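Read the structure below first, then the notes.
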Amino acid sequence: MKAQQVTILTNVQVSERYWHMTVDTSEIGEKVHPGQFFNILCEQSVYPFLRRPLSVYRIDDEAKTLEFLYLVKGLGTTKMTEFKAGEKIDIFGPLGVGFDLKDEYNSILLLARGVGVATLAALAFEAAQKGKKVHAILSARSENDLLAADFLEGLGVSVYKVTDESGTSDVEKVEALIGNIMGAQAIDALYTCGSKRLSRLMQRLAIEHQLPGEIALEEHMGCAMGVCFACVCDIREGDDVKSVRVCHEGPVFPLEKVVLA
């Protein structure tokens with residue numbers, strides 16, 4: 001991993017709150033895996049000082065591009081909307097531990113809330129390329145925020161949309177939906193990102209059905225290299241609970257190990 005300058009190919013607004021950026025990675029020699037992230041410099045001047053961590057939305061090894069789907073919510077991401085095609089930006093990565101998509105997993109279930117789909121979409125893309133069956137439940141505030149649905153459906157993913165505005169996104173209804181999916185199709189592994197309440201549901205279902213699972217955690221990061229300890233979370237190791245750094249030991253962890261307060 002190292003900091004390097006890459007060329008922006010596109011940076012466009014795709015909904016009221018979200019933007020989508022594609023960069024040229026022909027100069028990046030290191031392999032990028034779903035679940036990993038890059039730390040992006042938002043401004044060449046001093047402020048904002050800290051980079052912003054963005055998970056990889058799509059990895060296209062053939063085209064040599066990376067795509068990022070990001071929520072505009074503060075100064076850093078607002079600055080990122082000013083990036084123009086043809087400009088160079090400074091990115092640091094790839095960072096962190098990615099997903100483990102085992103060969104024996106023939107059918108997987110993804111559950112994403114909001115921008116959590118940006119992390120899980122890259123996994124869905126890899127799974128589809130390997131001929132695996134993918135079910136993806138996308139949860140959001142509104143229909144306008146149901147991002148990546150068309151992209152995933154184009155991959156052959158079975159997409160299920162639930163929203164707050166339609167009254168379909170509460171935990172009980174999502175659990176019923178998962179029950180219907182699992183009743184019709186054997187599921188080999190569970191993956192989730194973006195919501196603690198839905199992650200707690202997936203954690204419980206993984207234990208009840210004795211299924212392997214992984215969770216990608218979203219935390220505020222300072223350095224994104226494991227030095228500052230700003231993104232610590234707790235995981236279970238046997239009878240013990242220990243603190244780990246999301247940016248370094250994660251952001252992907254075994255679902256059954258994470259303490260979801």
Side-chain angles (χ1 to χ4, degrees), residues 1 30-39 50-56 92-120 122-124 126-127 135-137 139 170-172 174-175 178-179 182 186-261:
M1 61 180 180
E30 194 169 347
K31 175 69 175 175
V32 183
H33 300 281
Q36 290 187 299
F37 67 98
F38 283 80
N39 224 17
L50 294 178
R51 294 170 180 258
R52 296 301 185 268
L54 291 186
S55 59
V56 178
F92 180 52
L95 300 166
V97 176
F99 292 108
D100 183 14
L101 182 65
K102 296 186 183 300
D103 291 340
E104 60 265 29
Y105 297 166
N106 295 313
S107 180
I108 63 175
L109 174 62
L110 316 181
L111 176 55
R113 172 72 180 184
V115 78
V117 72
T119 301
L120 293 177
L123 175 64
E126 179 180 296
H135 299 268
I137 302 174
S139 176
D170 60 82
V171 172
E172 292 77 15
V174 172
E175 182 172 4
I178 293 174
M182 295 178 69
I187 299 296
D188 298 314
L190 308 176
Y191 298 88
T192 189
C193 182
S195 164
K196 282 193 176 180
R197 63 186 177 89
L198 294 179
S199 295
R200 285 192 289 267
L201 168 63
M202 289 288 267
Q203 189 178 65
R204 175 166 57 81
L205 292 176
I207 294 170
E208 289 177 3
H209 294 275
Q210 296 185 319
L211 289 172
E214 290 187 317
I215 179 173
L217 295 181
E218 300 173 309
E219 292 290 343
H220 293 293
M221 298 180 185
C223 68
M225 295 183 294
V227 176
C228 70
F229 285 79
C231 60
V232 170
C233 75
D234 290 335
I235 65 168
R236 298 181 184 88
E237 291 288 2
D239 295 330
D240 298 323
V241 174
K242 69 175 186 178
S243 295
V244 295
R245 299 156 294 181
V246 171
C247 70
H248 190 67
E249 284 84 11
V252 177
F253 295 94
L255 182 56
E256 74 277 6
K257 289 188 176 184
V258 175
V259 177
L260 297 167

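These numbers come from a predicted model, not from an experiment.
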Side-chain touch Pro94/Glu30, heavy atoms, less than 4.5 angstrom: yes
Ser195 versus Ser199, closest heavy-atom pair with distance: O-OG, 2.6 Å
Test item: Lys257 and Val244 side chains (from C-beta on) under 4.5 Å apart, heavy atoms: no
Step-by-step side-chain contact (heavy atoms from CB on, under 4.5 Å) determination, Leu255 to Glu214: CA-CA 4 Å; Leu255 182 56; Glu214 290 187 317; 5.6 Å; no
Closest non-hydrogen atom pair between Gly213 and Glu256, with its separation: O-OE1, 4.1 Å
Considering all heavy atoms, the nearest Asn39-Gly222 contact: ND2-O, 4.4 Å
Sub-4.5 Å side-chain heavy-atom contact between Leu205 and Glu175: yes
Distance (rounded to the nearest 0.5 Å) between Arg245 CZ and Glu219 CD: 14.5 Å
Value rounded to 0.5 Å, distance of CG in Leu110 from OG1 in Thr119: 11.5 Å
Minimal non-hydrogen separation, Arg113 against Ser139, with atom names: NH1-OG, 2.8 Å
Pro251 vs Glu218 side-chain heavy atoms within contact, under 4.5 Å: no
With Phe99, the ring-ring contact (aromatic ring centres under 6.0 Å, His included) member among Phe253, Tyr105, Tyr191: Tyr191
Any Leu109 side-chain heavy atom under 4.5 Å of Ile137 side chain: yes
Inter-residue atom distance Leu54.CG - Leu95.CG, 0.5 Å rounding: 11.5 Å
Verdict with supporting geometry, Val97 and Glu249, side-chain contact (heavy atoms from CB on, under 4.5 Å): CA-CA 7 Å; Val97 176; Glu249 284 84 11; 5.9 Å; no
Closest non-hydrogen atom pair between Val56 and Ala122, with its separation: O-CB, 3.5 Å
Straight-line distance of His220 NE2 to Leu50 CG, nearest 0.5 Å: 12.0 Å
Candidate pair Glu104 and Asp188, rule side-chain contact (heavy atoms from CB on, under 4.5 Å), full reasoning: CA-CA 8 Å; Glu104 60 265 29; Asp188 298 314; over 6 Å; no
Side chains of Met221 and Phe37 in contact at under 4.5 Å (non-hydrogen atoms): yes
CZ-CZ distance between Arg200 and Arg197, expressed to the nearest 0.5 angstrom: 9.5 Å
Taking every non-hydrogen atom, the tightest pair across Leu101 and Ala127: CD2-CA, 3.7 Å
Rounded distance [0.5 Å steps], NZ in Lys196 versus CG in Leu217: 8.0 Å
Check against side-chain contact (heavy atoms from CB on, under 4.5 Å), Ile215 and Met202: CA-CA 9 Å; Ile215 179 173; Met202 289 288 267; over 6 Å; no
